> 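One structure, pasted below without further comment.
Please read all numbers here as calculations on a predicted model, not as lab measurements.
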Amino acid sequence: MSDKLFGTDGIRGVANSYPLTIDFCSRLALALSQTVCTGKHRVAIARDTRVSGDMLLSALCAGFTSQGIDVLDLGVIPTPLCTTLTPSLDVDMSIMITASHNPYRDNGLKLITADGDKFSDIQSRQVEELLAGSLTPAFTPDCIGRVIKYKAGLDNYLETAAKIAAGNTLQGMKIVLDSANGAFSAIMPEVYRRLGAEIISLADSPDGYNINRDCGSQHTEKLCQTVVESHSRLGIAVDGDGDRIIVCDEKGNRLNGDQIIAYLATYFKQHNLLKGNTAVATIYSNLGLGQYLKSIGVNYQTSAVGERYVIEKMRETGSNLGGEESGHMVLSDYSLTGDALLASLVICLGVKESGRQMSEIFPVFTPYPTAAHNLRFNSKDEVSALLAQKELQSCLDEAEKTLAGHGSLIVRKSGTEPVLRLKIEDKDQNVVSMVSEKILDCIKKVS
């Protein structure tokens, strides 16, 4: 797939710079009106709390309504609610305006099918090719769409939370919540209050500029500190659009997505809830996760990196549980995509039921020694040029031979940023350090 527009999770960039401009968004709406919105002539659009969301929404609305397409404005809601609602809205597709865990200056467009799935690589490529060509939209005074406000949010989550809790409450649990000043700010604290938890709520006052700023799943320092100082049971952090979760125990230890996947799989299996007796993660997850899941009798499957690939593998294997090391957790009995709030509820209910401290439960497994590097460059083209260097390719080939049979090497371009991600794992920390040093030295030499 081309690097020009679509990454692993839609279109991403700096707001008011190409492609996140009003001209581009209007043109995208024209293209989608001609190719996708030809049945119901309706599209749903949601957004997170960043200041540029209103601007991009207005541009999209102008483009769609100029072609006779009605727009359902879902307001500020999390990405998982947008995807899960879409099949019930009688629309041709939906769009989530968000840059997920990125700073407020960034924004993005996640294109979602009428069934609630993110656009596939093929669909994204088709849209990109159409945008690269010549569009001939028709503008007529008798064919103009409307913008219709659609209320969604808290009530939807209260209903789903009640299903998950099944009559249980979280009374007696003190929990710290970090909403990242994002789409869950008005939802997550209230859901927890309704379930009886005593909460300390952080980063729940979005102003358009503070989304993900020193808070949320990417910046958990304050969360961990607050948990310890308040003697809380655990801490939960989400990202700006609510599809990513990180938790910490009562001692302030941060637990990543792999540990959460392991816990959820264990909980589901113990309660006969794990469909297909299968859990799905990506090739980026720690090798220790797969070893642990197999040891408890769970069929472990891996997919390419990216939530939509996890979901594809879940459907292929009949699983209702999948996730990523980064914190995306898909509980398909309740949501079509990763949903941080719903995953957090299962964790909290399970911890309360166990009567144990988080630190007595986590870590669920011992991870393999790992070296992870996120190397930032000036552009995605610069990353591609680096990977084309023969000397680097030879170095990577040698590293794979060194790790074969007892470790792994993952080298991938970020789908949303000009970043090269490296991950080296092995049972032996010395091997990890040696391989990591050689690769970094080679990159420095050829860059």
Side-chain angles (χ1 to χ4, degrees), residues 9-10 12 44-50 52-54 56-57 72-89 94-102 104 106-112 116-118 150-161 163-164 177-194 201-206 208 210-212 215-218 236-247 257 260 307-308 311 323-324 326-347:
D9 205 9
R12 191 77 61 87
I45 306 178
R47 61 194 185 279
D48 66 21
T49 58
R50 63 195 73 223
S52 57
D54 290 341
L56 300 179
L57 170 67
L72 293 185
D73 179 3
L74 304 182
V76 174
I77 61 172
T79 293
L81 182 55
C82 179
T83 58
T84 301
L85 276 178
T86 295
S88 67
L89 297 178
S94 63
I95 299 174
M96 182 70 200
I97 304 172
T98 181
S100 190
H101 59 283
N102 285 19
Y104 87 89
D106 296 342
N107 217 325
L109 305 171
K110 296 182 180 182
L111 307 187
I112 301 163
D117 295 323
K118 292 173 184 175
Y150 186 97
K151 189 178 186 302
L154 178 60
D155 289 344
N156 303 84
Y157 273 101
L158 289 173
E159 182 179 346
T160 306
K163 292 178 183 177
I164 293 174
L177 304 175
D178 182 337
S179 300
N181 290 314
F184 264 134
S185 295
I187 297 174
M188 187 162 70
E190 187 60 25
V191 169
Y192 270 86
R193 288 189 187 101
R194 298 282 185 96
S201 185
L202 307 176
D204 60 0
S205 301
N210 59 3
I211 184 170
N212 300 314
C215 60
S217 61
Q218 306 307 107
I236 298 162
V238 302
D239 66 343
D241 74 328
D243 61 1
R244 186 182 302 224
I245 176 178
I246 293 296
V247 300
I260 297 173
E307 184 188 69
R308 57 195 167 113
I311 294 170
E324 293 190 276
S326 59
H328 295 114
M329 298 296 137
V330 184
L331 310 181
S332 61
D333 288 342
Y334 310 113
S335 178
L336 294 179
T337 54
D339 193 310
L341 173 54
L342 300 186
S344 74
L345 290 177
V346 175
I347 294 169

> Counting C-beta onward and ignoring hydrogens, is there a side-chain heavy-atom pair between Asp54 and Arg47 closer than 4.5 Å?
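A side-chain contact exists here, since the closest heavy-atom pair is under 4.5 Å.
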> Between Ser335 and Ser332, is there a donor-acceptor pair closer than 3.5 Å when you use the side chain of the first and the backbone of the second?
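A pair under 3.5 Å: no.
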> Is the closest side-chain donor-acceptor distance between Ser52 and Asn107 under 3.5 Å?
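Yes.
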> Where is the tightest heavy-atom contact between Cys82 and Ser94, given as atom of each residue plus distance?
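Scanning both residues completely, I find the closest heavy atoms to be SG-OG, 3.8 Å.
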> Would you say Leu109 and Ile97 make side-chain contact, with heavy atoms under 4.5 Å?
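Result yes, sub-4.5 Å side-chain heavy-atom pair found.
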> In the structure I gave you, are the side-chain heavy atoms of Ile347 and Ile236 within less than 4.5 Å of one another anywhere?
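Not touching, per the 4.5 Å side-chain cut-off.
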> Can you measure from OG1 (Thr98) to CD1 (Ile77) and round to the nearest 0.5 angstrom?
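Those atoms lie 11.0 Å apart.
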> Any heavy-atom pair between the side chains of Val238 and Leu341 that's under 4.5 Å?
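No; the side chains remain at least 4.5 Å from each other.
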> Do Asp117 and Leu336 have side chains that approach each other closer than 4.5 Å (heavy atoms only, starting at C-beta)?
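With C-beta onward as the side chain, the pair stays apart.
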> Going by heavy atoms in the side chains, are Asp339 and Tyr157 under 4.5 Å from each other?
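The answer is yes; the side chains approach within 4.5 Å.
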> Can you measure from CG (Asn212) to CG (Asp178) and round to the nearest 0.5 angstrom?
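One gets 9.5 Å once the value is rounded to the nearest 0.5 Å.
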> Is there side-chain contact between Thr83 and Lys110, with at least one heavy-atom pair below 4.5 Å?
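Side-chain contact under 4.5 Å: no.
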> Give me the atom names and distance for the closest heavy-atom approach of Ala183 to Val76.
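Nearest pair, atom of Ala183 first, then Val76: CA-CG1, 4.2 Å.
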> With rounding to the nearest 0.5 Å, note down the distance linking CG in Leu202 to CG in Leu177.
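Reported value, rounded in 0.5 Å steps: 8.0 Å.
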> Work out which heavy atom in Met188 is nearest to a heavy atom in Ser179; give both atom names and the distance.
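Heavy atoms only, the tightest pair is CE-OG, 3.6 Å.
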> Mind listing the closest non-hydrogen atom pair of Gly216 and Ala180 along with its distance?
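Scanning both residues, the minimum pair turns out to be CA-CB, 3.6 Å.
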> Start with the C-alpha gap between Asp73 and Ile45, add the side-chain angles, then the distance that decides, and say whether side chain to side chain contact (heavy atoms under 4.5 Å, CB included) holds.
CA-CA 5 Å; Asp73 179 3; Ile45 306 178; 5.7 Å; no
> Are the side chain of Arg50 and the backbone of Asp106 linked by a donor-acceptor contact shorter than 3.5 Å?
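Pair found, side chain donor or acceptor close to backbone of Asp106.
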> How close do Leu74 and Ala46 get, heavy atom to heavy atom, and via which atoms?
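Smallest interatomic distance, heavy atoms only, reads CB-CB, 3.9 Å.
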> Looking only at side chains, do Ser100 and Asp239 share a donor and an acceptor under 3.5 Å apart?
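Checked: Ser100/Asp239 side chains pair up, N/O donor to acceptor below 3.5 Å.
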> Roughly how far, to the nearest 0.5 Å, is CD of Glu307 from CG of Asp243?
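If I round to the nearest 0.5 Å, the distance is 5.5 Å.
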> Any idea which heavy atoms bring Gly242 and Phe184 closest together, and the distance?
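Scanning both residues completely, I find the closest heavy atoms to be O-CE1, 3.3 Å.
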> To the nearest 0.5 Å, tell me how far Ile187 CD1 sits from Tyr192 OH.
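The OH atom of Tyr192 is 13.5 Å from CD1 of Ile187, to the nearest 0.5 Å.
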> What I'd like to find out is whether the side chain of Ser88 reaches to under 4.5 Å of the side chain of Leu85, using heavy atoms alone.
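Answer yes - side chains close enough.
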> To the nearest 0.5 Å, tell me how far Asn181 CG sits from Thr49 OG1.
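Taking CG in Asn181 and OG1 in Thr49, the distance rounds to 7.0 Å.
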